[in-house]
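Keep in mind it's a predicted model, so treat the numbers as computed, not measured. Throughout, protein chains are lettered first and strands after them, A, B, ... in sequence-line order, and every chain is numbered starting at 1.
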Number of protein chains: 4
Amino acid sequence: MSRNKIVDASVKLFSELGYHRTSMDDIAKEANVAKGTLYYHFSGKGELFETIVTDGFQMLKDQIGQVLSENQPPEQQIRSIVQRHVELFLQYSELVHIIANEITNGIEPEILERIMGLKNKYIDFLSDILRQGHEDGELNKLHYELAAAGLIGMIESASMYFIKQGKGTREELHETINTIVLPALLRNL
Amino acid sequence: MSRNKIVDASVKLFSELGYHRTSMDDIAKEANVAKGTLYYHFSGKGELFETIVTDGFQMLKDQIGQVLSENQPPEQQIRSIVQRHVELFLQYSELVHIIANEITNGIEPEILERIMGLKNKYIDFLSDILRQGHEDGELNKLHYELAAAGLIGMIESASMYFIKQGKGTREELHETINTIVLPALLRNL
Amino acid sequence: MSRNKIVDASVKLFSELGYHRTSMDDIAKEANVAKGTLYYHFSGKGELFETIVTDGFQMLKDQIGQVLSENQPPEQQIRSIVQRHVELFLQYSELVHIIANEITNGIEPEILERIMGLKNKYIDFLSDILRQGHEDGELNKLHYELAAAGLIGMIESASMYFIKQGKGTREELHETINTIVLPALLRNL
Amino acid sequence: MSRNKIVDASVKLFSELGYHRTSMDDIAKEANVAKGTLYYHFSGKGELFETIVTDGFQMLKDQIGQVLSENQPPEQQIRSIVQRHVELFLQYSELVHIIANEITNGIEPEILERIMGLKNKYIDFLSDILRQGHEDGELNKLHYELAAAGLIGMIESASMYFIKQGKGTREELHETINTIVLPALLRNL
DNA sequence: CATGAATGAGAATTCATTCAT
DNA sequence: CATGAATGAATTCTCATTCAT
């Protein structure tokens, strides 16, 4: 019970404020739990953050796994992946942002490494999709992992700009990303 | 003299460690000046960071301004912009990363706002290039500012991955980005 | 427990050294608690000081309320008020001094304002006593609030001089103040 | 030249802000002089303050000396002394306040002692006037030095209240103080 | 005479973490 | 399971003072 309240509060606060601006006090207050309780369930701020992040990546993978299992044509698949990713991002903006970028910061190196590992696995996961999706068509020289990393960055940067600056509509966001991504990835488009 | 030493030390440390992991003590030590000297030249950590960031953006704009003044054909121009951006990024990796992403963090809101303003100006700058470059050709529906924001994110995310994971070569990095970017932007390609 | 130790230490140190010469380190050391403990119980030096001051005024009011409730003739009442005030002052010398005078200093304006409010309330409280006490007798033109403020200043300044210079006896102190105050206030004396 | 500018700036700033809130930087800026120049003319902040204070007392004494030399009847003399003191106070409010009260604070003990000496001399000066003025009449038991200290406190506290709270008029201020002071001091009134 | 860059000791505050209950 | 009072290391910032020019 307490554990869940803590996790929920953490997602909310880390999402809103980022890692550093979120203090254990804030989390305890938001979760309606005593500060000591945080340390009963988690070894520290780092582990708490790691838990959230791990869950975040799992969500991303689940979403995308769903898309893949639907067995659509490649173009539609990529559109769907982008869409899910963008929507998830818009929902948890800061959290996904942290996962993807801010990670570099002031987190214990050990935990940081594990989180980076998660991110890399996610990139591998995406790059496999790219590789497979293109094995049939002809493709320009393209490094799939770098491409996957780049795509993630693009999606997040554009979404972030959309959220923060309020420029464009949700549809334009999806379309702009697709317009850039699709011709690049789908040879036969 | 001192001021320069401080700026140099700051670039180095902010680049290596990010904003939060870099303490004023660290900077003073690295710069071989007394702690008070930092506050003689800058009003605080925030202003010091802002200075670095402002300089960074200026460098980016200068680089790109150079490219534009060379009056090459569009494709070559975009290739050059990407190349300069990537190279600058590779050189100042973390710093540019911070400029572009980490900004969200625990910086005084006022300063944060000014830095966000700089980033937005840079995005406007890029989106103008996109808009102009495409005015002649036929273009799919594309929101230039979102596209510019996305491009920056893609370049940085891919470069980051390249640096951190050592996957691929410098050429593959450039080529991968170009392969994604060019067909998307240049209709007549 | 800790809170009490902190309050006691603060009264002692603020009384002896004044607001600025008393550091949070000093207080922590005097109270035998860790520095962080101060901030667990009080939001900062300002709030700690405000607490002490508020308590001080409460003590003053309580003392004087007691006097009034004893329903003595006016002259005796004023004598008692002066006596209580002087005695309290002699006991907490510097603290009361700070409350009454030093306030002007380097305290956060917001807190300063609240403390000034307390002092003004105390002056109002005294001036009401003056006004009521004289409603029956004939009284020269006299602005009660200015008179109350003046009386406080006189008591404190004389007491301070007594403490610091060791001139006169405790009885002379009381008598001198009464000799000045009584004929001024009591028309029918 | 510089020295004068520094003294003027110091009077202004110490008067407005008190000792602690006034920094050497502030003084230098206000005086349009480099910080080092302050130390060319004065050995430090303490000496600078002492100079101001000494001048302040001299002014007080001069004012009162003038009154005394005018050879008026006792009542008029005391009225004049009060008036001069009050007017001087209203003009240099904070400065006189500091001289009289705030002195206790964070000033080097050595300098503090000298300033206290000045204040005591001023009290002696006043108490002599009191003693002489009453030698002829019959006087209740009254400790002249304590009375003098009390009078100063009363004048300042009432004036301060007048300034800060804007209660009453200038005339009421003078009258209220006189109404309290005169019957107390002048037996034959 | 005057400067202003540089100093460094000292101060307030934050916050992740511990631990007795 | 849960608590919350207590901790103390780390951090940012202030400011009187020094000194080479």
Side-chain angles (χ1 to χ4, degrees), chain A residues 1-3 5-6 20-29 31-49 106 108, chain B residues 1-3 5-6 20-28 31-48 106 108, chain C residues 1-3 5-6 20-28 31-48 106 108, chain D residues 1-3 5-6 20-29 31-49 106 108:
Chain A
M1 202 74 281
S2 270
R3 213 196 113 101
K5 289 198 285 180
I6 292 168
H20 281 93
R21 299 271 267 211
T22 302
S23 72
M24 293 303 260
D25 270 281
D26 293 340
I27 295 173
K29 202 168 290 167
N32 261 320
V33 159
K35 228 200 318 192
T37 309
L38 303 185
Y39 290 87
Y40 180 77
H41 291 290
F42 301 90
S43 74
K45 191 182 183 184
E47 201 200 88
L48 186 45
F49 183 66
E108 297 91 304
Chain B
M1 204 73 279
S2 270
R3 212 196 115 102
K5 289 197 285 177
I6 292 169
H20 281 94
R21 299 273 267 211
T22 302
S23 74
M24 294 301 261
D25 268 287
D26 293 339
I27 295 173
N32 260 321
V33 295
K35 226 193 312 189
T37 309
L38 303 186
Y39 291 89
Y40 180 76
H41 291 289
F42 301 91
S43 74
K45 192 182 181 181
E47 202 199 87
L48 185 45
E108 296 92 302
Chain C
M1 205 74 279
S2 269
R3 212 196 115 102
K5 288 198 286 178
I6 291 169
H20 282 93
R21 297 273 267 209
T22 302
S23 74
M24 293 302 260
D25 266 287
D26 293 340
I27 295 173
N32 259 320
V33 294
K35 227 195 308 189
T37 308
L38 304 185
Y39 291 88
Y40 181 76
H41 291 289
F42 301 91
S43 74
K45 192 182 183 182
E47 202 200 86
L48 185 45
E108 296 92 302
Chain D
M1 202 70 286
S2 271
R3 212 196 113 100
K5 287 197 286 179
I6 291 169
H20 280 94
R21 299 272 266 211
T22 302
S23 72
M24 294 300 262
D25 269 280
D26 293 340
I27 295 173
K29 202 167 292 168
N32 261 321
V33 159
K35 226 196 324 189
T37 309
L38 303 185
Y39 290 87
Y40 180 78
H41 291 289
F42 301 89
S43 73
K45 192 181 182 182
E47 200 199 270
L48 185 46
F49 183 67
E108 296 91 304

Quiz item: For the residue pair A:Arg3 and A:His41, what are the closest heavy atoms and their distance?
Solution: CG-ND1, 3.7 Å
Quiz item: For D:Lys5 and E:dA2, what is the distance between atoms NZ and P respectively, to the nearest whole Å?
Solution: 8 Å
Quiz item: Which sits closer to the 5' end of DNA chain E, B:Ser2 or C:Ser23, going by the nucleotide each is nearest to?
Solution: B:Ser2
Exercise. Report the distance from atom CG of C:Leu48 to atom CE of C:Met24, rounding to the nearest 0.5 Å.
Key: 5.5 Å
Quiz prompt | Closest approach of A:Asn32 to A:Lys5 (non-hydrogen atoms, all atoms of both residues) | solution = O-NZ, 3.7 Å
Quiz prompt | d(NE2, A:His20; P, F:dA10) in whole Å | solution = 15 Å
Quiz prompt | Whole-Å distance separating the CE atom of D:Met24 from the C1' atom of E:dT7 | solution = 16 Å
Exercise. Report the distance from atom CE of C:Met1 to atom CD1 of C:Ile6, rounding to the nearest 0.5 Å.
Key: 11.0 Å
Quiz prompt | Stretch residues 32-44 of chain A: residues that reach within less than 4.0 Å of DNA chain F through a heavy atom | solution = A:Val33, A:Ala34, A:Lys35, A:Gly36, A:Thr37, A:Tyr40, A:His41
Quiz item: In whole angstroms, how far is the P atom of F:dT11 from the CZ atom of B:Arg21?
Solution: 10 Å
Exercise. Grab the CD1-P distance between B:Ile27 and F:dT11 for me, whole Å please.
Key: 12 Å
Practice problem: May I have the distance from D:Ile6 (atom CD1) to E:dA2 (atom C1'), rounded to whole angstrom? | Solution: 10 Å
Quiz prompt | Nucleotide-level pairing of DNA chain F, given in dot-bracket where Watson-Crick and G-U pairs need both distances under 3.5 Å and | marks other strands | solution = .||||||||||||||||||||
Quiz item: Looking only at heavy atoms, which two atoms of A:Lys35 and A:Asp25 are closest? And how far apart?
Solution: NZ-OD2, 3.0 Å
Practice problem: Rounded off to whole Å, could you give me the CG-to-P distance for the D:Leu48 and F:dT17 pair? | Solution: 10 Å
Quiz item: What is the distance from CE of C:Met1 to P of F:dT7, rounded to the nearest Å?
Solution: 13 Å
Self-check item: Non-hydrogen atoms of C:Leu38 and C:Ile27 that approach each other most closely
Solution: CD2-CG2, 4.0 Å
